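What you see is a predicted model; the values in this text were computed from it and never measured. Proteins get letters first, then strands, A, B, ... in listed order; numbering begins at 1 in each.
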Amino acid sequence: MSTDTTTQTCTITVDGVPVVVPAGALLIEALKMQGIDIPNFCYYHNLPAQASCRMCLVRIEKMPRLQPSCTTVVRDGMAVEINTPEILDMRRGMLEFMLANHPLDCPVCDRGGECELQDNAFKFGRVDARFTEEKHPAPDVDISPFIYNDAQRCVFCYRCIRVCDIWMDVGALAKLNRGAHETIGTFDGWLDCEHCGNCVDVCPTGTLLHTSYKFGPRPWTLDETETTCSYCADGCRVRLGSRGDTVHRSIARDGTGINEEFLCVKGRYGFGYINSGERVTQPLVRKNGELHPATWDDALEHVAKRLGEVSKAKGADAVAVLGSTRITNEGNFAVAEVAKAIGTPNISYEPDYDLSTFMKSVGGRLATKADVLSADVIFVIGGDPKEDQPLTAHHLVQPVFKGKAALYVASSRLVRIRKRASKFVHLRPGGEAALLLGLAGGSLEVAAKAAGCAPSDIESLRSSLEGGRKVVVMVGSDCRGAALEAASSLGTLLAQGDREVTYRPLVFDNNSIGAFDVLGQGVPYASITGSLGDSISALYAVGADLMDGEDAEAVRARLGRLDFLVVQDLFMTDAALLAEVVLPASTYAEQDGTFTNIAGEVQRVHKAIDPVGSTRPDWLIASQIARLLGAEVKYRGSVSAVYRSLTESNPAYANATYVRMMTEGAVQTERPSASPDRSALVSALTSATAATDTTARHNEVPTEMGERLFHLGTIGKYSKLLADAFEDGKAKGRSVEEEAALIPLKSV
Amino acid sequence: MAEPVRVVSKRFGIPDSHTLGVYLEHDGYVALEKALKSMQPADVIEEVKKSALRGRGGAGFPTGMKWSFVPKDSPKPKYIVCNADESEPGTFKDRALMENDPHSLIEGCLIAAYALGSHTCYIYIRGEYGWVQDGMDAAIREAYEKGYCGKNILGTDFSCDVYTHPGAGAYICGEETALLNSLEGKRGHPRIKPPFPAVEGLYGCPTVVNNVETLATVPWIVQHGGDAFRQLGTEKSGGTRLVSVCGHVNKPGVYEIPLGYPMKDLLEKECGGIRNGNKLKAVIPGGSSVPIITAEEAYSVKLDFESIGEVGSMLGSGGVIVMDETADIFESTFRLVHFYKHESCGWCTPCRDGSDWMEQLFDRIAIGGGRQEDLALITSLGKNIEGKSHCALADALVWPITSSMKKFPEDYQRAIERSRKLLHEPAAV
Amino acid sequence: MLTPEREKKIDELLTRYPSSRSALLPALWVAQEQYGWISLELQKYLAIRLGITPEQVREVVTFYSMYNERPVGKYHLQVCCTTPCMLMGSDDVIGYLEKKLDIRRGQTTADGLFTVSQVECLGSCGTAPMLQVNREKYDENLTYEKVDALVDRLRAQAEGGNG
Ligand SMILES: Cc1cc2nc3c(=O)[nH]c(=O)nc-3n(C[C@H](O)[C@H](O)[C@H](O)COP(=O)(O)O)c2cc1C
Ligand code: SF4
Ligand code: FES
């Protein structure tokens, strides 16, 4: 329980030395601010106090017993003793108890070197072993495809349990048995959870560990690089641990990013694709119908030559260029340079969210973490952060747990986040516009009928939203057209009042917003794919999942009719198999650059390992092609120069310099908020409502845990650990029935 | 000395004393009526304060003071919780009370609820007492039927529900905050204090937790006045209390004594002396958790909070465990160590790991392989446990050990010697 | 999974508390009365019944010593051996039972009738030695003869129940 740091201070004495600390702070935190570390196991900032390990006891004047510094609030004039023989004895005694039943197997423990128990034993422990009785042995067991439990090493700090309950809102870990027989466990031996692995990272001992790191390299032999996760738009900071050109793990234990120590299953265990044996590692050029390895020079020249030919023969418009929501901003920027060099307007990317509508109408700032954590009302419409944006979900339940914010959810799906909502409005499919019309003050009866809910639902939702002072609106991808415009401008629709409304588009891919910012003003993706093989004869596709949809076969036929197809990707995708040239790209772990997250914040991507094989970063490949096409490319070989050009051409990025990112981490782009016309919005909603299919039945099937969280995309597919676990169902969450029956935990 | 006044046990022994009819014939619900109809809640608290009644659950905290900690103006509901977990070895008085006089407990709960503005009482009964809970439930049903519980009690606008709640085998649930967790359907781990239950207890609401006997004493106090009760005991320890005597006496059982009553009289008069005419060796005067005292101390001590403190022990839960010359203090303490190890809730390090180690040590000494240094190790482990735990259970593990080692060192020495022999003559085991 | 009367009992329990989770301990008793022990399946059922998680149920089941996560004999003979009872000869009683039933404490007889357990203080110290059968009223002031009579009575009761 961290206390708000107010400006008020008080003075306490620590072993006789006066120190000034924030009034109302917990002693252990106050001392930490002074650089004084009190050894502890069960204390963890951001988790409710527990006071069970007793390692942090201190002597406080006038108190008969030693007091835990993790629950003691500082008082002016308090005299504290932390380094007296009494306290040192106590610590030695406590460690002796914790180690009594411990197997003392540091040499074979994967936590060795970053173990709080080991560190404290080294600092405060005793050398003579007085415990000569028998230990209670416990074998180590896998409790998840990702996590194993070596119960004998446990010191019962329960950090893992609290993290699972409170950070993750999952509650899959349990304390079993009593007293000396107690263990950390699960209901039936198998973790029924989201497999985020946060429980492992907060463990101060070698009890919970990653199967992916079993007998892995010693932590101190790893090179560690802080970068930004490549999976979802939340954009967690991860630390990649690598040795040579292999990534061994992905953690967030330093807690320096917007996610602090949090990571989800993909961010933590999805790094396997980086060193997957299936990566394309060298350029391929088709000769006599077959793809053959080629040198970079040959491949790039071939590409430039063929693109030039098509453009000359059929006009620049006959060439199309596709970027990606997955690659860096620098990558997309350089890809756009290729289009410019050719002179084609046909540049696009496959969006996972209608950001152009959203950004056109968004009535305020994009909500940051700080906005979410300090909100008093959070409204989620048409989406489920619990499945799609794990960090967003983690952040939004925190104020809800603390009773500081009320959550309202409206969706046509029985989304998992509804469990935490003060009110859940179950819409009929397509009912979003009608609900919004009701919220905007339209006829309750009409709105309720089309939305498929009770008029009173809309009424109470409206008064709750209007009662908020700091409102965050999270707009899911179920909102389309008029509903999307209205949701992203909800503040204008509510009764006027003194409130700040911020918005979060529930985009999915890690660089959706970046791709929109860099490429989004171009031609719609569908009009490009729809013209392939007709008006478009050559395609340069970068990181594009061309054939991932239901129309894969139609796309295949169209691709077959192209004069020239060049695919730049990490793997031999279905489209790559049809290409004339395949250019092997590097993953985010092999390059520098930036991603723009769900809050429109730009964050650095840092190179952790050298490019695998002879792969190259997208920005480098694209800029080389552009140069070969005759463009004047200023930024030879320097990614920071690419980014500088980007910031010069895009005012939203002007302030988000590499230097600022270095010191501040995430830097929010600055975009003007739209001021949509209220009456236009209402009339659009009115017609959308009138067009709602009121015979559509409610979807009564609850979404299953992991239905979308474990929706992996290309990179996930090639991360063996993830893919295997999900494929054979080992990582499956609770059954639909169980999930449906489990109502909110009343108190945590 | 005149026949002592009986307060809480006055209906013991009357046929069918557990029924409402008999209860009513013997002053039943007179105090409730008096409180509801002629006293303000504050007056009730005042009387209890005057009575100098101290909690009978073990800690001996002044009951009136505890009640006055409940915030008057809290908008939250308030709860009365009766601690009927009675698990302290040597203690069996609350069971006797609930079996013989369930209505006095119900009446006590209701008066407390009235005094504190509560409308719900839970009686948390240890899981093993299944039939005792059934009896309480039957009495509660009778009280509902006759309008002593439920809506508009005795025609006033005071309403209050009374429920029983079973435990399921966990000594720690006698600790009041562990009890509250248990009542909330959780594991019985004690909570961090402060906040104390009076401010944030059951469901985070103001809650008073009192022992069965404490609550059952309240009707008498309300009926006869706090001063009358106080005068039954000593200046600082008001009134009478129940003690349950077990072990090597001729007549073990539950007796009501005025505070300040000589232990010698209790053992010799009430309990008919030591069995088989044997010599007294030791007494644990207040349930297994308190330090042991020698025969000489027992014969000189008076049963009140102060004088028992002078011999280094406590009145605790009123469980008097008597040991004659045949008892082996090492063995009897070993069994207590086993008890505390079994009952440690596992929350905090010194208790969970310390009790386990301690038990293993005692066990090794008992079965062979004990070493002279083990005695020093026991003392040292005790030091590392005592005063460092989350709740008082760990102290309750250490006190019997340290006090018995101090007062009966020869028993420990004998245990070590026996142990050495056992190791060298394994065949003799 | 529970008989209609027991379901009704749980419904009634749920009215007693402002939080359904509070009904867990009594509800587990209701379930254990029917089956003699509480399987994982039953725990999951109760979790859903009370609107809590299965983990929250199992945490509780494994904490309290009286809930059985495994089947026990029809008659669970629980002999108190804490200090006051020990002083009065409880070790002899439990030893006698072990010999008589030819099992060790913690075990169940082959016919599934009896389990013998050593338990901690049952609050019957003045009437020691003593034991408790299942959750029945205690058998106190035990002697070998009383133990014989008790076992005979339970055997007869079991036969009567079957016949
Ligand atoms: C480990 C432990 C066990 C306890 N067991 C009991 C018990 O079985 N019955 C009881 O009334 N109080 C017990 N107590 C004391 C309670 O915590 C609490 O002080 C008491 O219920 C308050 O009621 P009173 O003021 O009426 O005594 C125990 C305390 C501890 C630390
Ligand atoms: S929440 Fe998103 S950004 Fe964070 S670790 Fe998971 S996939 Fe990566
Ligand atoms: S010690 Fe056996 S009943 Fe108390």
Side-chain angles (χ1 to χ4, degrees), chain A residues 1 41-42 48-57 59 63-68 70-73 86-87 89-102 126 128 130-136 154-158 174-184 403 745-748, chain B residues 169-173 181 184-195 203-204 339-365 369 371 373-374 376-378 380-395:
Chain A
M1 241 184 301
F41 294 101
C42 69
Q50 158 122 347
S52 70
C53 75
R54 314 308 282 179
M55 191 65 190
C56 75
L57 297 185
R59 165 74 56 202
M63 297 287 236
R65 291 165 74 94
L66 298 180
Q67 297 293 315
C70 67
T71 58
T72 301
V73 175
E86 177 192 30
I87 301 295
D89 265 358
M90 179 281 300
R91 289 180 191 157
R92 201 175 303 128
M94 234 36 90
L95 282 164
E96 190 180 27
F97 286 141
M98 283 182 221
L99 292 172
N101 193 48
H102 187 285
R126 57 187 306 142
D128 55 327
R130 301 197 297 173
F131 182 85
T132 55
E133 318 306 322
E134 260 175 62
K135 305 200 186 226
H136 311 297
C154 183
V155 297
F156 308 93
C157 68
Y158 300 147
K175 304 164 202 159
L176 300 180
N177 306 324
R178 185 171 81 199
H181 303 289
E182 193 151 322
T183 56
I184 298 300
L745 325 179
K746 283 246 167 51
S747 54
V748 194
Chain B
Y171 167 69
I172 189 59
C173 291
N181 276 339
E184 290 180 11
K186 302 172 185 167
R187 292 161 69 86
H189 295 299
R191 298 177 178 175
I192 295 166
K193 289 188 266 190
Y203 312 119
F339 171 83
Y340 288 107
K341 181 241 154 138
H342 187 264
E343 299 301 336
S344 166
C345 85
W347 185 261
C348 67
T349 308
C351 180
R352 178 191 60 243
D353 295 333
S355 65
D356 188 37
W357 187 350
M358 197 69 101
E359 196 216 10
Q360 292 199 54
L361 249 175
F362 271 80
D363 189 48
R364 180 159 49 76
I365 297 173
R371 302 181 280 257
E373 317 85 83
D374 287 339
L377 183 54
I378 290 175
S380 163
L381 292 187
K383 220 180 107 227
N384 287 347
I385 299 170
E386 188 186 350
K388 306 188 169 66
S389 56
H390 181 58
C391 85
L393 187 142
D395 296 339

Can you tell me how far [atom2] of [Y] sits from [atom1] of [X], rounded to the nearest 0.5 angstrom?
X        : Y        : atom1 : atom2 : result
A:Lys135 : B:Gln360 : NZ    : CD    : 10.0 Å
A:His181 : B:Ser344 : NE2   : OG    : 10.0 Å
B:Asp353 : A:His102 : CG    : NE2   : 11.5 Å

Checking heavy atoms, do the side chain of [X], its backbone, both or neither come under 4.5 Å from chain A?
X        : value
B:Ser355 : neither
B:Leu381 : both
B:Arg364 : side chain
B:His189 : side chain
B:Arg187 : side chain

> Are the side chains of A:Asp89 and B:Lys383 in touch, meaning some heavy atoms are under 4.5 Å apart?
Replying inline: yes

>> With a 4.5 Å cut-off on side-chain heavy atoms, are A:Asn101 and B:Trp357 touching?
In response: no

[X] portion near chain B, given a 4.5 angstrom heavy-atom threshold:
X        : answer
A:Glu96  : both
A:Leu66  : both
A:Ala100 : side chain

> Among B:Glu343, B:Glu359, B:Glu373, which has the most heavy-atom pairs under 4.5 Å with chain A?
Replying inline: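 Maximum pair count with chain A is reached by B:Glu343.
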
> Quick one: of B:Gly369, B:Cys351, B:Ser380, B:Pro194, who has the most non-hydrogen atom pairs under 4.5 Å with chain A?
Replying inline: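 The option with the most such pairs is B:Ser380.
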
> Which heavy-atom pair separates B:Asp395 from A:Arg65 by the least distance, and what is that distance?
Replying inline: OD2-NH1, 2.6 Å

>> For B:Asn384 versus A:Met94, what's the shortest heavy-atom pair and its separation?
In response: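 For B:Asn384 and A:Met94, the tightest heavy-atom pair comes out as O-CE, 4.1 Å.
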
> So B:Trp347 and A:Gln50, side-chain contact (heavy atoms from CB on, under 4.5 Å) or not? Walk me through it.
Replying inline: CA-CA 9 Å; B:Trp347 185 261; A:Gln50 158 122 347; 3.7 Å; yes

> What do the steps show when you test B:Asp356 against A:His136 for side-chain contact (heavy atoms from CB on, under 4.5 Å), and what is the final call?
Replying inline: CA-CA 10 Å; B:Asp356 188 37; A:His136 311 297; 2.7 Å; yes

> Backbone N or O of B:Thr349 within a donor-acceptor pair of the A:Arg54 side chain at under 3.5 Å?
Replying inline: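 Flag not set: sc A:Arg54 to bb B:Thr349 has no pair under 3.5 Å.
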
>> Please rank A:Pro68, A:Gly93, A:Cys53 by heavy-atom pairs under 4.5 Å with chain B and give me the top one.
In response: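 Highest number of heavy-atom pairs under 4.5 Å: A:Cys53.
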
